[in-house]
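The next block holds one structure in the form of structure tokens; read it before the comments.
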Amino acid sequence: MVVGDVTTGTDVLVIGAGPGGYVAAIRAAQLDLDVTLVERDAYGGTCLNHGCIPSKALISATDLAHRAREGAEMGVHADPTVDMAEMVDWKAEVVDHLTSGVEKLCKGNGVNLIEGTAEFTGEYTARVAHGGEGQGSESIEFEHAVLATGSRPVELPGFAFDGENVLSSRHALALDDVPDRLLVVGAGYIGMELATVFAKAGSAVTVVEALDSALPGYEEDVTRVVRRRAESLGVEFNFGEAAEDWTDDGDGLTVRTESEDGTVAEYAADRVLVAVGREPVTDTAALDAVGVETGENGFVPTDETARTNRDHVFAVGDVAGEPMLAHKGMVEGEVAAEVIAGEPAALDQQAMPAAVFTDPEIGTVGLTEAEAAEVGFDPVVGEMRLRGNGRALTLAESEGFVRVVADADGEFVLGAQIVAPEASELLAEATLAVEMGATLEDVAATVHTHPTLSEAVKEAAANARGEAIHTLNR
Ligand code: FAD
Ligand code: NAD
């Protein structure tokens with residue numbers, strides 16, 4: 001059936017149904033606004049379809065195999081094999097469950113869903129081209145718009161993604177076989193998470209990173225724990241080397257790298273995963289037509305209410321800038337919807353947590369000790385190492401630590417750095433502490449269940465006060 005060019009009106013047009021867009025749409029609908037959400041690919045965006053969820057599914061599944069293989073220490077003997085095709089099918093089921101859940105939540109909240117690509121055609125008008133030839137288009141008049149078009153992987157010169165030899169994370173998460181030799185370019189979030197997945201699945205993984213450490217934005221003692229664990233899985237790191245080009249000699253690929261001093265190195269591989277960052281998607285929605293400007297690195301600049309340079313247009317999620325994290329997009333989506341509905345709302349980036357789902361995981365929120373000193377605090381720090389935590393030992397996962405940073409004066413918790421199993425979960429307590437302005441005493445005096453990993457958070461807070469029981473005070 002050919003759909004004619006009809007015009008409809010809506011209070012809020014949301015472009016993109018990733019975590020930024022679908023949350024904005026649902027919240028706006030809850031606030032009694034008429035909302036139209038347009039998605040050109042799949043509900044849930046990168047996060048649900050090609051990012052957070054598929055990567056965490058494969059992280060869990062390959063870790064299960066790894067833990068079983070390593071269980072001899074605990075008296076468990078097993079020799080599991082990884083069937084990547086089955087694993088990827090299981091992952092697809094998880095993704096389907098969640099994406100159809102997003103669709104149902106949108107519909108259940110009264111959001112009008114349209115499949116197609118939305119482009120602005122004027123200040124208050126847009127056109128949606130439905131997918132596929134002859135599917136037609138429709139015009140939409142809106143009062144407010146929320147741009148949530150997300151991001152895509154940066155393509156390195158000489159490494160065009162082909163899905164066969166040179167993979168983006170999206171390709172890597174859909175592989176139905178385990179490459180014998182995987183070369184990973186970039187030891188950032190994606191490089192480190194997926195290097196761990198494929199090492200646990202049985203690949204020989206080599207990582208090439210232009211800077212001098214893995215996860216360069218994090219403190220050295222945090223990343224050291226994760227790098228060492230990856231090395232113990234057989235991952236080989238090559239720091240200070242930028243990937244330059246690759247060749248296929250018919251017997252496999254050869255990737256050439258160059259160091260700053262001009263030293264050239266070559267690595268053999270069967271596939272190359274390039275994970276050197278992501279860039280905002282600003283070329284799908286004809287931003288010129290509505291007058292929205294882009295700024296540094298191509299992101300759309302916004303104020304603390306997620307508003308762009310045009311009063312009636314908001315931008316949320318990856319397209320609006322770093323950190324490119326799903327939960328950042330979600331909170332921006334909520335704020336944009338509430339501001340459009342006339343409610344007082346603003347972003348508080350101070351308590352924006354981040355987690356890397358490596359082995360062990362990393363979780364951080366707020367300020368490090370150095371950052372706290374830099375902005376004028378007199379920081380006090382407390383630490384609890386996991387080898388003194390009963391639950392960590394019973395999990396045979398005792399590498400890592402919890403560090404809490406506070407202001408010496410008021411003892412307000414300013415931040416936390418956690419490297420531990422389930423650090424992404426432990427982080428919630430620290431994030432709450434930073435968000436609500438809790439003190440070290442608040443955290444240290446809270447009774448934590450025993451034996452749990454979370455006791456390490458309590459002990460780190462107590463340690464900063466010189467009152468820890470289960471670790472020696474500094
Ligand atoms: P997206 O999720 O990218 O969604 C944007 C949507 O807009 C897309 O569906 C796209 O099709 C649609 N679109 C674009 N243009 C148009 C148009 N003109 N018309 C209609 N639709 C359009 N973050 C975390 O917090 N935790 C993690 O563990 C995590 N893991 C990740 C793992 C990987 C491998 C990757 C790649 C990313 C990961 N991220 C993670 C980042 C996270 O996926 C993003 O921060 C998040 O998806 C951003 O949400 P968004 O709504 O801004 O954009
Ligand atoms: P990243 O910015 O985290 O890391 C990219 C790395 O590539 C950097 O360390 C950089 O120095 C290196 N690099 C750049 N050019 C290079 C070259 N020529 N040769 C070798 N190394 C090079 O980017 P990413 O890993 O692609 O992830 C993109 C974004 O996706 C992240 O910034 C994050 O926002 C999001 N993400 C989040 C999670 C999570 O929250 N757990 C997981 C995955 C992705």
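Hydrogens, waters and symmetry mates are skipped; everything else that's a heavy atom, side chains included, is used. Just so it is clear, the structure is predicted and the values come from calculations on it, not from any experiment. Whatever order the structure lists them in is the order used to number ligands and atoms, beginning at 1.
- For the pair Leu325 and ligand 2, the shortest N or O to N or O distance does not fall below 3.5 Å.
- Using a 4.0 Å cut-off between charged side-chain N and carboxylate O, Arg40 and Glu115 make no salt bridge.
- At the top of the distance list for atom 4 (O) of ligand 1, counting protein heavy atoms only, stands Gly18 CA, 3.5 Å.
- Taking only nitrogen or oxygen atoms, main chain and side chain alike, Glu209 reaches within less than 3.5 Å of ligand 2.
- Residue Arg278 places no N or O, backbone or side chain, under 3.5 Å from any N or O of ligand 1.
- In terms of polar-atom proximity, defined here as any N/O pair under 3.5 Å, Ala355 does make such a contact with ligand 2.
- Salt bridge annotation for Asp63-Lys56: absent, with no cationic side-chain nitrogen under 4.0 angstrom from a carboxylate oxygen.
- At a heavy-atom cutoff of 4.0 Å, ligand 2 is contacted by both the backbone and the side chain of Ala210.
- Looking only at protein heavy atoms, the nearest one to atom 19 (N) of ligand 1 is Ala118 N, 3.0 Å.
- Contact annotation for Val185 and ligand 2: only side-chain heavy atoms (C-beta onward) come within less than 4.0 Å of the ligand.
- Taking any N or O of Arg40, backbone or side chain, at least one lies under 3.5 Å from an N or O belonging to ligand 1.
- The shortest separation from a heavy atom of Pro323 to ligand 2 is not under 4.0 Å, leaving the residue out of contact.
- Assignment of Lys328 to the shell around ligand 1 is not supported, since no heavy atom sits closer than 4.0 Å.
- For atom 14 (C) of ligand 1, the choice among Leu37, Leu147, Thr149 with the nearest heavy atom turns out to be Thr149.
- In summary, Arg310 and Glu123 engage in a salt bridge, as defined by a charged side-chain N under 4.0 Å from a carboxylate O.
- Using 4.0 Å as the threshold, Gly150 has a heavy atom nearer than that to some atom of ligand 1.
- Residues Phe237 and Phe239 place their aromatic rings such that the two centres sit under 6.0 Å apart.
- Given atom 49 (O) of ligand 1, the protein heavy atom at minimum distance is Pro19 CD, 3.2 Å.
- With a heavy-atom cut-off of 4.0 Å, Leu156 touches ligand 2 through its side chain alone.
- Taking distance alone, with nitrogen or oxygen atoms compared against 3.5 Å, Val356 stays at or beyond that limit from ligand 2.
- Atoms of ligand 2 found under 4.0 Å from any heavy atom of Leu211 (numbered from 1 in listed order, with element): 11 (O).
- For the pair Ile190 and Val184, the minimum side-chain heavy-atom distance is 4.5 Å or more.
- By the criterion of a heavy-atom distance under 4.0 Å, neither the backbone nor the side chain of Met192 is placed next to ligand 2.
- Taking distance alone, with nitrogen or oxygen atoms compared against 3.5 Å, Glu322 stays at or beyond that limit from ligand 2.
- Any N or O atom pair closer than 3.5 Å counts here, and Ala187 shares no such pair with ligand 2.
- Short contacts between ligand 2 and Val208, defined as distances under 4.0 Å to a heavy atom of the residue, involve ligand atoms 20 (C), 21 (N).
- Scanning Thr284, Ile114, Leu48 for the heavy atom closest to atom 15 (N) of ligand 1 points to Thr284.
- The N/O atoms of Ala326, backbone and side chain alike, include one that comes under 3.5 Å of an N/O atom in ligand 1.
- Some N or O of Ala243 is nearer than 3.5 Å to an N or O of ligand 2, by distance alone.
- In terms of heavy atoms, Glu397 sits closest to Leu386 at O-CD1, 4.0 Å.
- In terms of polar-atom proximity, Asp318 is counted as a contact of ligand 1, with an N or O under 3.5 Å from an N or O of the ligand.
- In terms of polar-atom proximity, defined here as any N/O pair under 3.5 Å, Gly317 makes no such contact with ligand 1.
- Polar contact with ligand 1: absent for Glu193 (N/O pair, distance under 3.5 Å).
- Heavy-atom proximity to Ser169, at under 4.0 Å, picks out these atoms of ligand 1: 34 (C), 36 (C).
- Residue Thr46 has at least one nitrogen or oxygen atom sitting less than 3.5 Å from a nitrogen or oxygen atom of ligand 1, judged on distance alone.
- Comparing Val276, Asp318, Val274 against atom 14 (C) of ligand 2, the shortest heavy-atom distance belongs to Val276.
- Ion pairing of Arg229 with Glu399 is present here, as a side-chain N (NZ or NE/NH1/NH2) and a carboxylate O approach within less than 4.0 Å.
- Closest to atom 40 (C) of ligand 1 by heavy atom, among Gly45, Ala148, Cys52, Ser168, is Cys52.
- Of all atoms in ligand 1, listed by their number and element, those nearer than 4.0 Å to a heavy atom of Gly16 are 6 (C), 7 (O), 12 (C), 21 (N).
- Classification of Arg403 and Glu219 as a salt-bridged pair holds, one side-chain N sitting under 4.0 Å from a carboxylate O.
- Inclusion of Gly20 in the set of residues having an N or O under 3.5 Å from an N or O of ligand 1 is warranted.
- The pair Asp359-Arg67 does not count as a salt bridge, with every side-chain nitrogen at least 4.0 angstrom from each carboxylate oxygen.
- For a threshold of 3.5 Å applied to N or O pairs, the pair formed by Val319 and ligand 1 contains no separation below that value.
- Taking distance alone, with nitrogen or oxygen atoms compared against 3.5 Å, Ile15 stays at or beyond that limit from ligand 1.
- Close to ligand 1: Gly116, with a non-hydrogen atom less than 4.0 angstrom away.
- Close contacts of ligand 1 with Phe357, meaning ligand atoms under 4.0 Å from a residue heavy atom, involve 28 (O).
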